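Structure, as structure tokens:
Every heavy atom of this structure was used, including side-chain atoms; hydrogens, water molecules and symmetry mates were not. These numbers come from a predicted model, not from an experiment.
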Amino acid sequence: MIDRLAQLLAVDILNDFPCLGITGPRQIGKTTLARILSESIDRPAIYLDLESTEDLQKLENAESYLRNFEEELVIIDEVQRMPSLFPLLRSLVDRNRKPGRFILLGSASSELIRETSESLAGRIAYMELSGIQCREFGWTELQEVWIKGGYPIPLVGNVNRSRWFENYLRSYVERDLPMLGLPAAPMLTNRLLYMLSHMQGNTLNYSNLSKSLGISDKTVKTYLDFLEASYLIRQLPAFHTNTKKRLVKAPKVFFRDSGLFHYLQRIHTFEDALTHPLLGASWEGFVVEQIAQAIPTDYQLSFYRNHQGDELDLVIERGGEAVALVEIKYGDQILPSRGNQNAAHDIGEIPRFLIHGKSNSSTWKNDSGWIICGLQHFIEVEIGGIQLA
């Protein structure tokens, strides 16, 4: 069993709110976390899975059924499948507002939040469960987490990873995304995913995607939003600053799980990654996701690129202000380029970091003020100690 950092936050929420909403992709460990939480609470718990016909039958008269469990912790999995429950849960909570009454699990963040934003406002707090991170699995296993990804089963289970991801994607594409309202045919969604895997770390070109898929730019954006809401991809926004230079405005795209990206690119081993043309993009996406899960919730991530080609992989923002700059490199050249230097100058004199992939390299500061470090140092020292600014 891997201890998840999210467990501490979940316990705090259950102590303060009647409802805890845990969102995250399928198979990421939400149900396991909920069961662990139920064991830590000094009262019985019941579990309902809304993908189970038997459990759905129990909720045919949901109000009568749930009133029998006012003293228990009630865990409802895939709750977005039954939106009619939300007004009822509000009513039950208002009759008895004690903390820790319900844990609601959902695999589509926007759907779950939209359905509960009015009915459970002030009664629920949300948290996202991401893939297993290096700081949970162990920094000595960074290479394994990078190649296999953060889904528990392909990371630690004795399974054929390619077969697991094949079936995982088929379930999402053929069942989950259409259920959430994505109108695309499964074949088109699969084509879009493969095309996005070749665009890893690049700015989105909606026109090229729309022409290749035979759909409009607007439809492409809608499909991408569905994929992001289902935790498959991350659209990293462009940073905008008060500069006279023309800036790229389209977001960059990354697969949130490196294992899923490697499956789509037929990368099976670390040796495969080293010789793959998207090695740098793979490392960048992995680092971006590790940082995204480590920064405090009041920080945001973006990237910087102007039309002269000067760029930075990450701008860390807080309250609309840039507080740190990050460039991510894997190869032998672990120094900032001229374009990185120019981009940093455009944004201003704030801490700047270059994160490399060489585990045996020390941390140092170069003559231009860049801190050259590994991912572990950046997350545990610079973020862990809030030393960014």
Side-chain angles (χ1 to χ4, degrees), residues 1-10 22-37 77 105-107 109 127-173 176 193 196-197 200-201 227 230-234 254-274 276 278-279 281-295 328 330 355 357 359 374-376 378-380:
M1 183 68 66
I2 299 170
D3 292 332
R4 301 305 305 271
L5 295 170
Q7 184 175 340
L8 297 175
L9 174 59
I22 304 177
T23 63
R26 282 184 170 276
Q27 301 292 317
I28 209 66
K30 298 187 298 296
T31 304
T32 300
L33 176 59
R35 292 189 185 278
I36 292 172
L37 292 171
D77 208 344
L105 310 179
S107 54
S109 60
M127 56 172 286
E128 177 190 323
L129 186 64
S130 66
I132 294 170
Q133 304 160 50
C134 289
R135 56 192 179 133
E136 296 171 319
F137 199 63
W139 287 105
T140 58
E141 309 301 326
L142 180 149
Q143 188 180 107
E144 183 175 5
V145 180
W146 174 24
I147 298 302
K148 293 182 178 180
Y151 289 98
I153 293 176
L155 178 59
V156 300
N158 185 22
V159 298
N160 181 306
R161 293 203 314 278
S162 293
R163 187 176 299 122
W164 188 90
F165 278 116
E166 177 185 2
N167 286 282
Y168 181 80
L169 270 186
R170 180 179 298 139
S171 174
Y172 249 121
V173 168
D176 295 339
L193 287 168
L196 291 175
S197 75
Q200 173 92 338
L227 296 178
S230 299
Y231 301 98
L232 294 180
I233 66 169
R234 177 183 297 278
F254 295 98
F255 277 82
R256 291 194 56 173
D257 185 73
S258 56
L260 177 57
F261 167 73
H262 290 152
Y263 161 74
L264 291 168
Q265 284 294 317
R266 303 297 185 259
I267 297 172
H268 306 292
T269 65
F270 179 64
E271 288 70 26
D272 291 342
L274 290 178
H276 198 277
L278 293 179
L279 169 64
S282 169
W283 174 246
E284 181 183 347
F286 175 72
V287 170
V288 166
E289 195 60 30
Q290 295 289 312
I291 293 174
Q293 300 308 324
I295 59 173
I328 303 164
Y330 189 81
I355 298 177
S359 59
L375 180 60
Q376 180 179 1
F378 184 78
I379 286 179
E380 293 194 344

With sequence neighbours excluded, what pairs up with [X] under the side chain to side chain contact (heavy atoms under 4.5 Å, CB included) test?
X: T140; answer: none
X: N158; answer: none
X: E289; answer: R234, R256, Q293

Might you point out which heavy atoms bring [X] and [Y] nearest each other, and give the distance in Å?
X: H262; Y: S282; result: NE2-OG, 2.6 Å
X: G285; Y: F254; result: CA-CD2, 3.4 Å
X: D257; Y: L260; result: OD2-N, 2.9 Å
X: A10; Y: L37; result: CB-CD1, 3.6 Å
X: F261; Y: S197; result: CE1-O, 3.1 Å

Quick one: does [X]'s side chain get under 4.5 Å of [Y]'s, heavy atoms only?
X: L278; Y: I267; result: no
X: W146; Y: F270; result: yes
X: I291; Y: L375; result: yes
X: L196; Y: L264; result: no
X: V145; Y: I132; result: no
X: I379; Y: W139; result: yes

>> With ring pair (Phe, Tyr, Trp, His ring centres under 6.0 Å) as the test, pick out the partner of Y151 among F137, Y231, W164.
In response: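 Testing each of F137, Y231, W164 against Y151, the sole residue satisfying ring pair (Phe, Tyr, Trp, His ring centres under 6.0 Å) is W164.
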Once rounded to the nearest 0.5 Å, what's the spacing between atom [atom1] of [X] and atom [atom2] of [Y]?
X: I2; Y: Q7; atom1: CD1; atom2: CD; value: 13.0 Å
X: L279; Y: D272; atom1: CG; atom2: CG; value: 11.5 Å
X: S107; Y: Y172; atom1: OG; atom2: OH; value: 5.0 Å
X: L155; Y: I147; atom1: CG; atom2: CD1; value: 11.5 Å
X: S162; Y: H268; atom1: OG; atom2: NE2; value: 4.5 Å
X: S258; Y: E284; atom1: OG; atom2: CD; value: 13.5 Å

Applying side-chain hydrogen bond (donor to acceptor under 3.5 Å, both in side chains), name anything that partners [X], two or more places apart in sequence or on another chain.
X: Q290; answer: none
X: Y263; answer: none
X: Y330; answer: none
X: Q133; answer: S130, R135

>> With a 6.0 Å cut-off (strictly less than), is the heavy-atom count around CG of D3, excluding the residue itself, greater than 12?
In response: no
> Got a sec, which residues hit ring pair (Phe, Tyr, Trp, His ring centres under 6.0 Å) with F255, two or more places apart in sequence or on another chain?
Replying inline: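 Once residues adjacent in sequence are excluded, F255 has no partner under the ring pair (Phe, Tyr, Trp, His ring centres under 6.0 Å) criterion.
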>> The criterion is salt bridge (charged side-chain N to carboxylate O under 4.0 Å, His left out); which residues satisfy it with R4, sequence neighbours excluded?
In response: E136
Distance-only donor-acceptor pairs under 3.5 Å for side chains of residues 24-36, two or more places apart:
residue : atom : partner : partner atom : Å
R26     : NE   : D176    : OD1          : 3.2
R26     : NE   : D176    : OD2          : 2.4
R26     : NH2  : E51     : OE2          : 2.2
R26     : NH2  : D176    : OD1          : 3.2
K30     : NZ   : G24     : O            : 3.1
K30     : NZ   : P25     : O            : 2.9
T31     : OG1  : D77     : OD2          : 2.6

>> With salt bridge (Lys or Arg N to Asp or Glu O under 4.0 Å) as the rule and sequence neighbours excluded, what pairs involving residues 140-164 come up?
In response: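 Of all non-adjacent pairs touching residues 140-164, those that pass salt bridge (Lys or Arg N to Asp or Glu O under 4.0 Å) are E144-K148.
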